[in-house]
Undergrad: 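My structure is below; once you've seen it, I'll send some questions.
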Amino acid sequence: MSKLRVAVLGAKGRIGSEAVRAVEAAEDLELVAALGRGDSLEALTDAGAQVVVELTTPDSVMDNLGFCVRHGIHAVVGTTGWTDERLAQLTTSLEAAPGTGVLIAPNFSIGAVLTMKFAEVAAPYFESVEIIELHHPKKVDAPSGTASRTAQLIAAARQKAGSAPQPDATATGLDGARGADVDGVPVHSVRLRGLLAHQEVLLGGEGETLTIRHDSLHHSSFMPGILLGVRRVVDTPGLTFGLEHFLDLK
Ligand SMILES: NC(=O)C1=CN([C@@H]2O[C@H](COP(=O)(O)OP(=O)(O)OC[C@H]3O[C@@H](n4cnc5c(N)ncnc54)[C@H](O)[C@@H]3O)[C@@H](O)[C@H]2O)C=CC1
Ligand SMILES: O=C(O)C1=N[C@H](C(=O)O)C[C@H](O)C1
């Protein structure tokens, strides 16, 4: 059987360099291009790439995906910075490229995907829920894509269940002390030397709390998810948001 021809964008970055090694090590995949900032995207078509793994920056990802979709190249995207507006733009461009698939995964690690699922299930059963995400200090965005997605899932689950607004008597204090508000869920971002990627979902009810914590200790935690995405996206046209859809969790 012929190997899938895969390219990595952001190949010199922290996760991109790990993805290059993972694709090279996979027997059913062939790494045909490894591009960094400033490299021409024409190298993707020249190399006959079938799938691009996009691990760059929020300011680059839309142009890169625009090129891929126009050329019928499937994409597996880990880059953050997704807004409703960006997702709508991508969906529109995919409508003109039937057969092309794009997976956007806020987090490729199985533990983080399960954290999101568990938080979504638990959220309606507790009065209070807050998120603390903790990352390395070179991360450029806050809150993390994972925390934003987790908060959105929690908020949607609570709305569906008819949950009351969270109790919070805070009336005075410093701006930012209660974190960022993502769909009514407070999200607190820590940037600390020594950390990689971590998240706690704190849930509180009468006389009890539940903490769901996940730790990515090495970029290798993201690789099985990326490889799964590469193998599945070629048979999944259109936009898929979240690796859970390829794990039969949804
Ligand atoms: N979904 C997930 O599981 C994960 C997502 N991420 C996300 O992936 C992105 C990258 O993270 P890191 O590797 O830590 O950042 P990084 O800064 O180490 O790497 C990004 C790389 O992309 C390059 N780049 C920028 N624009 C480019 C372009 N137009 N074409 C090709 N290369 C370009 C940069 O020069 C840099 O080498 C971030 O948005 C991060 O949040 C990171 C880890 C896991
Ligand atoms: O920048 C990172 O490192 C990570 N980014 C993603 C995010 O913003 O959620 C995924 C993971 O947390 C690592």
Side-chain angles (χ1 to χ4, degrees), residues 7-22 33-44 49 52-68 73 75-83 86 102-116 119 131-153 180 182 187-201 213-230 233 240-247:
V8 176
L9 291 182
K12 292 185 180 148
R14 281 176 290 274
I15 183 170
S17 53
E18 188 79 22
V20 164
R21 286 190 286 278
L35 306 185
R37 193 187 276 277
D39 290 341
S40 168
L41 294 176
E42 301 295 335
L44 300 174
V52 156
V53 180
E54 217 292 350
L55 301 166
T56 64
T57 54
D59 65 322
S60 295
V61 65
M62 289 305 283
D63 286 348
N64 288 342
L65 290 182
F67 181 93
C68 291
I73 303 172
V76 171
V77 184
T79 305
T80 45
W82 291 99
T83 58
R86 283 181 164 214
V102 174
L103 166 69
I104 299 172
N107 203 304
F108 287 110
S109 88
I110 181 70
V113 174
L114 288 172
T115 298
M116 288 186 253
I131 297 173
I132 305 173
E133 57 95 340
L134 311 92
H135 280 80
H136 59 88
K138 290 195 170 170
K139 184 165 179 57
V140 295
D141 56 318
S144 70
T146 308
S148 295
R149 183 63 181 154
T150 309
Q152 288 164 357
L153 292 170
V182 181
V187 180
H188 311 271
S189 296
V190 176
R191 298 292 175 261
L192 200 71
R193 182 73 67 205
L195 295 182
L196 179 56
H198 317 258
Q199 176 163 285
E200 285 187 3
V201 181
R213 180 175 172 114
H214 174 255
D215 299 276
S216 268
L217 305 172
H218 191 273
H219 278 101
S220 56
S221 63
F222 305 114
M223 296 307 125
I226 289 179
L227 297 182
L228 174 69
V230 167
V233 76
T240 302
F241 195 87
L243 189 68
E244 61 273 21
H245 297 284
F246 288 179
L247 292 166

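Sequential numbering from 1 along the given sequence is applied to the chain's residues. Counting starts at 1 for both ligands and their atoms, in listed order.
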Undergrad: Determine whether a donor-acceptor pair (N or O, by modelled atom type, separation under 3.5 Å) exists between the side chain of Glu18 and the backbone of His219.
TA: no
Undergrad: Using a 3.5 Å distance criterion without hydrogens, assess whether the side chain of Thr56 forms a donor-acceptor pair with backbone atoms of Leu9.
TA: no
Undergrad: For ligand 2, list the protein residues that place a heavy atom within a distance below 4.0 Å of one of its atoms, sorted by chain and number.
TA: Thr80, Pro106, Asn107, His135, His136, Lys139, Ser144, Gly145, Thr146, Ala197, Phe222
Undergrad: Got a second to check how far Asn107's CG is from Thr115's OG1, nearest 0.5 Å?
TA: 8.5 Å
Undergrad: Can you see which heavy atom on Phe108 is nearest to which on Phe222, and at what distance?
TA: CB-O, 3.3 Å
Undergrad: Taking Glu133 as the fixed residue, which of Lys139, Arg191, His188 is the one that meets the side-chain hydrogen bond (donor to acceptor under 3.5 Å, both in side chains) rule?
TA: Arg191
Undergrad: Taking any residue with a non-hydrogen atom under 4.0 angstrom from an atom of ligand 1, which ones do you get?
TA: Gly10, Lys12, Gly13, Arg14, Ile15, Leu35, Gly36, Arg37, Leu55, Thr56, Thr57, Ser60, Asn64, Gly78, Thr79, Thr80, Ala105, Pro106, Asn107, Phe108, Lys139, Phe222
Undergrad: With a 3.5 Å distance limit and no angle check, can you tell me whether Asp39 reaches the backbone of Gly36 through a side-chain donor-acceptor pair?
TA: yes
Undergrad: With side chain to side chain contact (heavy atoms under 4.5 Å, CB included) as the criterion, how do Arg37 and Thr57 come out once you've worked through the C-alpha distance, each side chain's angles and the decisive distance to 0.1 Å?
TA: CA-CA 10 Å; Arg37 193 187 276 277; Thr57 54; 3.6 Å; yes
Undergrad: Tell me if a side-chain donor or acceptor on Asp215 pairs with a main-chain N or O of Leu217 at a distance below 3.5 Å.
TA: no
Undergrad: Hey, are Gln199 and Thr150 close enough side-chain-wise for a donor-acceptor pair under 3.5 Å?
TA: yes
